[in-house]
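Take a look at the structure set out below.
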Amino acid sequence: MSEEKSLNFIEEIIEADLQNGKYASIITRFPPEPNGYLHIGHAKSICLNFGLAKKYGGKTNLRFDDTNPVTEDTEYVESIKEDIRWLGFEWANELYASNYFEQLYRFAVILIEKGLAYVDDSTSDEIAIQKGTPTTPGSRNKYADRTADENKRLFAEMRGSKYEDGSKVLRAKIDMASSNMLLRDPIIYRIKHAHHHRTGDDWCIYPMYDFAHGQSDSIEHITHSICTMEFVPHRDLYDWCIEKLDIFPSRQYEFARLNMTYTVMSKRKLLQLVNEGHVTGWDDPRMSTISGMRRRGYTAESIREFCDRIGVAKRENLIDVGLLEFCVREHLNRVALRRMVVFDPLKLVITNYPVTEELLSSENNPEDSDSGHRSIPFSREIYIERDDFMEAPPKKYFRLAPGQMVRLKSAYIIRCEELVKDAAGTITEIHCTYLPESKSGSDTSGIHVKGTLHWVSVLHAVPVELRLYDRLFNIEDVGNAEGDFKEYINKNSLQVIPNAFAEPALLDDQAEDRYQFIRKGYFSLDKDSSSAKLVFNRTVTLKDAWAKEVKKG
RNA sequence: UGCCCGAUAGUAUAAGGGUAGUACAACUGUUUUUGGUACAGUUUGUCUUGGUUCGAAUCCAGGUCGGGCAACCA
């Protein structure tokens with residue numbers, strides 16, 4: 001019998017909460033700030049939050065944490081929604097922290113009335129100095145002594161646009177000597193005369209993260225508020241607000257964010273790559289963004305599988321990008337249509353083949369018997385891959401060489417008889433003979449060859465553009481590297497093959513968007529394609545045992 | 001020299017006082033009209049020192065190492 005999959009620590013908490021009756025059902029939330037595009041790290045959080053709700057019969061809200069109008073924009077709102085849907089998740093409610101601005105304001109007033117918040121006229125520098133350091137306590141200033149009535153009036157005036165940006169803040173009155181710096185009278189409201197993408201110019205004061213997030217969770221009755229480890233110290237403040245306001249006690253749980261080899265995972269760095277032109281945009285196929293991976297040809301299913309396999313824990317981690325590649329190969333192997341494309345053509349003439357042509361049949365996907373067959377034109381002159389031929393082959397080379405035989409995929413067995421070279425000694429043509437009785441499906445030759453090559457008929461070859469991607473950085477741990485991360489950019493992360501030769505079936509299948517170019521890799525149609533020229537992105541290579549063999553020497 | 005979080009194969013992640021398991025990676029083979037896929041197998045691990053216990057990855061104490069915390073960012 002199949003073993004029950006072990007639970008991660010958050011699932012354990014949830015199951016305990018459900019079992020002991022703390023909750024009848026759960027509500028989670030995914031709370032992006034609309035100031036950038038989502039990346040694979042967010043996918044982990046999305047799969048976790050939505051996955052948990054799905055698993056335990058609860059629901060998940062999408063809540064935009066839009067408390068900082070100067071960095072946020074509806075462009076990001078739209079891209080975030082598109083990415084989540086594409087990943088295969090649907091939220092119960094589309095919400096915004098800005099929906100709660102009025103309520104949040106009232107919460108702040110309650111704190112003031114309880115003597116737990118005050119308006120401070122200090123500059124940010126003064127506030128920073130008064131905060132002390134982790135090893136020395138901070139101190140309060142005279143503004144902390146203002147009466148509740150005065151604070152209430154001042155706060156109302158802040159809202160009423162009476163003061164300039166930075167001239168006043170509202171602070172929670174907690175403990176200037178706390179070992180947790182966030183509890184040293186944290187700022188909870190600041191003045192920003194900025195246009196908000198949702199509330200327009202209704203407000204000129206905006207709550208800080210710590211005075212918006214927890215309360216928003218509470219308002220929505222989020223049972224399990226799941227975030228990343230850097231918010232651990234915020235939990236004290238999260239709980240403090242809930243306690244003092246006496247509102248629904250949402251609970252925060254933290255897990256370790258995803259780090260992955262050979263890539264960066266911070267919005268700031270990703271934005272820098274875009275702005276400085278190191279990539280073509282947020283959806284550049286080399287980016288770790290969801291939109292980039294989508295464009296590259298990753299499937300939502302494979303990303304979900306990846307997120308499932310990496311697990312959820314609290315320790316720092318650096319996941320091998322090879323696992324992501326494994327997941328996408330695993331899926332694409334099941335669904336991708338097989339096609340033949342020659343990247344670096346070498347002409348091959350079958351000297352004993354009649355001048356006519358014929359149509360051969362080949363399976364669309366050997367892993368899927370329902371996928372059917374396509375026909376491929378075969379003729380006297382074909383292209384094969386230049387590195388599928390060697391004049392002086394090493395041991396264990398199964399491909400074409402003088403006097404050697406190989407099978408042409410779904411066609412015939414051929415034998416290399418002769419080479420044609422130009423003045424420089426470069427091979428320009430290979431002459432072969434074929435075995436008419438070795439035709440695929442009706443082979444009576446009795447000959448077994450080790451190698452099978454892909455090929456394309458010269459007469460029917462369709463030129464296509466191929467974009468081959470490699471890792472964007474040339475070191476594993478970019479996040480922890482010394483110096484500027486951009487020094488580690490892989491200059492050869494994109495290789496364009498402007499004129500590869502494809503079998504004509506590719507022209508008919510444009511609606512399909514996942515392919516395996518046999519023996520080469522998985523590809524998908526890029527949005528830059530036109531009727532004049534098809535453009536394909538290499539999603540991932542096939543595993544290549546021969547390349548490994550060659551490397552070993 | 002404060003507070004918080006963490007430490008199990010190369011990388012992740014299980015084992016919740018009782019045989020250290022799984023996946024990826026690596027390596028061997030088998031199958032194969034993709035040097036793909038599939039299948040079989042192999043190698044590699046509990047940070048350290050004490051303590052509790054018949055028995056410790058697990059519980060306790062000290063240490064070491066890694067990460068985080070002093071934005072009017074989230």
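Keep in mind that what you see is a predicted model, and the values were worked out from it rather than measured. A note on names: the letters A, B, ... follow the listed sequences, proteins ahead of strands, and every chain is numbered from 1.
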Find every protein N or O atom lying less than 3.5 Å from an N or O atom of nucleotides 37-43 of chain B, and list the pairs.
from, atom 1, to, atom 2, distance (Å)
B:rU37, O2', A:Asn333, ND2, 3.1
B:rU37, O2', A:Glu367, OE1, 3.2
B:rU37, O2', A:Glu367, OE2, 3.4

What pairs of nitrogen or oxygen atoms, one from the protein and one from nucleotides 44-47 of chain B, lie under 3.5 Å apart?
none

Contact list (N/O, under 3.5 angstrom) for nucleotides 5-11 of chain B vs protein:
from, atom 1, to, atom 2, distance (Å)
B:rU11, O3', A:Leu318, O, 3.0
B:rU11, O2', A:Leu318, O, 2.9

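Scanning for side chain to side chain donor-acceptor pair (under 3.5 Å) contacts around A:Ser45 gives A:Asn49, with sequence neighbours left out. For A:Tyr100, there are no ring pair (Phe, Tyr, Trp, His ring centres under 6.0 Å) partners, not counting sequence neighbours. Residues forming a ring pair (Phe, Tyr, Trp, His ring centres under 6.0 Å) with A:Tyr397 (at least two apart in sequence, or on another chain): A:Trp546. Take A:Gln130 and apply the side chain to side chain donor-acceptor pair (under 3.5 Å) test, not counting sequence neighbours, and it matches A:Asn141.
Within the structure, the ring pair (Phe, Tyr, Trp, His ring centres under 6.0 Å) test picks out the following pairs touching residues 28-47 of chain A (sequence neighbours left out): A:Tyr37-A:Tyr76, A:Tyr37-A:Trp282, A:His39-A:His42.
Residue A:Arg399 places a side-chain atom within donor-acceptor reach of the base of B:rG35, judged by atom type and a 3.5 Å distance cut-off alone.
Contacts between residues 30-43 of chain A and RNA chain B, defined by a heavy-atom separation below 4.0 Å, involve A:Glu33, listed by number. Listed in residue order, the members of residues 167-178 of chain A having a heavy atom less than 4.0 Å from RNA chain B are A:Val169. For the segment residues 250-266 of chain A, no residue has any heavy atom less than 4.0 angstrom from an atom of RNA chain B.
Among the nucleotides B:rG35, B:rC72, B:rA74, the one closest to the side chain of A:Ile187 is B:rC72. Side-chain proximity of A:Arg190 to the nucleotides B:rA26, B:rG2, B:rC73 is greatest for B:rC73.
Checked against the 6.0 Å centroid threshold, A:Tyr412 and A:Phe378 count as a close aromatic pair.
Between A:Glu503 and A:His454 there is no side-chain heavy-atom pair separated by less than 4.5 Å.
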- Each base of RNA chain B marked ( ) or [ ] if paired in-strand (Watson-Crick or G-U under 3.5 Å), | if paired to another strand and . if unpaired gives .((((((..((((....[..)))).(((((.......)))))....(((((..]....))))))))))).....
